[in-house]
Amino acid sequence: MSDVDDRNHFIRDIVRADLASGRVTQVVTRFPPEPNGYLHLGHAKSITLNFGLAQETGGRCNLRFDDTNPEKEDVEYIEAIERDVRWMGYAWSEGPFFASDYFDRLYDWARHLVEAGHAYVDDQDAETIRETRGTLTEPGRESPWRNRPVAENLDLFARMKAGEFPDGARVLRARIDMASGNMNLRDPILYRIRHVRHPRTGDRWCIYPTYDYAHGQSDAIEGITHSLCTLEFADHRPLYDWLVERVPTRARPRQYEFARLAITHAVLSKRRLIELVREGHVAGWDDPRMPTLAGQRRRGVPPAALRDFCRRVGVARADSRVEAGLLDHCIREYLNRHAPRRMVVLDPLKMVITTYPEGRSETFETVNNPEDPQAGTRPVTFEREIWIERGDFMEDPPKKFFRLSPGREVRLRSAYLVTCEEVIRDEGGEVVEVRCSHDPESRGGDAPDGRRVKGTLHWVAASTAIGLEVRLYDHLFAAAVPGSEGDVFDDLSPDSLQILSGAKAEPALADTKDGETVQFERQGYFCRDPDSRPGALVFNRTVGLRDSWAQAQRKTGTTGTAGRKAES
Ligand code: ATP
Ligand code: MG
């Protein structure tokens, strides 16, 4: 995986053609979040596209907060969004910008539209305006206020701004065509009265521009060349152009639409995400099960893997739903090369090596990552009593079980070959200990006579083991398409979080930092959670080792990008 995007898509083609023809000399894009929630994986796609195109063409990308809807906005969201864009690996050279910075100019430009007869103040209430908009098959009805004299419109608009009228009493509408086949051109609303304090402009304004008016004009003000948005805005493009052509600017930003990202087992609507947080279905915005960037960060997803994911998803003109397994695949591929390995036993079972002297110990140098020679080695200490994974022992194993069972020999990673001689149970009959002999000639885990030993187990020395809590996360939603058959929340998975409190790790795990991801050998990738305290580590499972996505791809032969097995 390289960080250079070599997959072509139609927007890149357009950008390159515009540079080649000289329509633009520098590409200027923008990422325009509304500060009314946290960024999610869908936004990551838009961020990668907008910042990526600017980066690769030597242009620039603005971060612009689309803060025209003060009721729902909050500085908490602004800060979170800035953090998340930076975390994705992108930077804005100026700004960040805010649509609210342009309120004066937007107001002047609206006056300009009024003076030119392109906009009017309508006294009808919201319901009447909705009712008279018509339908797809029937034209709308013109407002009785549509032909108001310019002077009267100017006066009323100024008084709207001055706060003379209550919320909803009047609106400013563009004067386009109530019979247009495009509903967006049926005299769309440009300004609403809202006596609401704005997080940035305070009480200075009581009229706020609509998205349709603010967005394109903000693009024009910032000199945006390519305004990229999702498909549902395609029908707004004629309005976007209509407005930009009529306000006093020579800028000609152009809007292009691409498919919104959807992903299996997840919802990506901010409204839904807010509900998940407020109703307590998750621990917060950064719960590792959340598709928010904050959640993905806490889950341990490296930003490079997320950028890779966005590139592989591509930029298309038709909506589709991407498999969550593809994201997991990208994460694994990255972490396989970058995450150091550690031995951690999630569900410990005691093993006593009876042939190994009491009180003795030995230290073996173990590679940190066989995929990365630079990662070096670390010492692991072996002794008579160790922990192994309960699931690695079976008294009565089925045919294809190659791990430990009575009489069977296995390898303890980097240490010795051991053979199970005896099983100890408690009164209830549960196995509480396995007793083994070892082959002293197999130091480092290699059979002296080259005999074949199939199973290799990870283990942790008992006297130096550190305890930790491990949080095993799974999809938040059991259904691939949440809400496809009824209520979204009915599809919440009951098993999306399992907490293991008795795990045991080799001491080197204590040297990790919060947010660092390591491979627990044979288990998966785990990220140290900020809930960790000295002596009480907490790790979140980022992703398991088994790549079912790549396996499915190989089976159906759909793509050549299927990954290698992360375990070696
Ligand atoms: P939601 O529908 O979840 O409320 P939104 O589109 O209103 O999302 P914004 O904050 O307005 O969210 O989005 C900022 C930018 O991110 C917009 O340009 C939008 O097109 C883009 N974006 C949002 N969701 C997705 C998605 N799922 N896939 C791709 N781009 C997205
Ligand atoms: Mg939006």
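Index from 1, following the sequence. One-based numbering, in listed order, for ligands and for the atoms of each.
Ligand 1 has an N or O atom lying under 3.5 Å from an N or O atom of Leu261, backbone or side chain.
With Arg298 as the fixed residue, the side-chain hydrogen bond (donor to acceptor under 3.5 Å, both in side chains) test singles out one of Asn540, Asp529, Thr542: Asp529.
A salt bridge is defined here as a Lys NZ or Arg NE, NH1 or NH2 lying under 4.0 Å from an Asp or Glu carboxylate O, and Arg260 with Asp319 fails to meet this definition. By the 4.0 Å N-to-carboxylate-O rule, Glu56 lies close enough to Arg12 to be salt-bridged with it.
Those atoms of ligand 1 with a heavy atom of Ser269 less than 4.0 angstrom away are 3 (O). The ligand atoms of ligand 1 that sit less than 4.0 angstrom from a heavy atom of Pro33 are 10 (O), 14 (C). In the vicinity of Pro32, heavy-atom distances shorter than 4.0 Å reach the ligand 1 atoms 14 (C), 15 (C), 18 (O).
Looking at Arg133 and Asp187, their side chains never come closer than 4.5 Å, going by heavy atoms from C-beta outward.
The closest approach between any non-hydrogen atom of Arg271 and ligand 1 is not below 4.0 Å. Assignment of Leu268 to the shell around ligand 1 is supported, since a heavy atom sits closer than 4.0 Å. Contact between Phe233 and ligand 1 is absent, with no heavy atom of the residue lying under 4.0 Å from the ligand.
If you look at Tyr191 and Tyr208, their ring centroids are not closer than 6.0 Å.
With hydrogens and angles ignored, the 3.5 Å screen pairs a side-chain donor or acceptor of Glu73 with a backbone N or O of Asn69.
Within the set Arg260, Glu34, Lys270, the minimum heavy-atom distance to atom 6 (O) of ligand 1 is found for Arg260.
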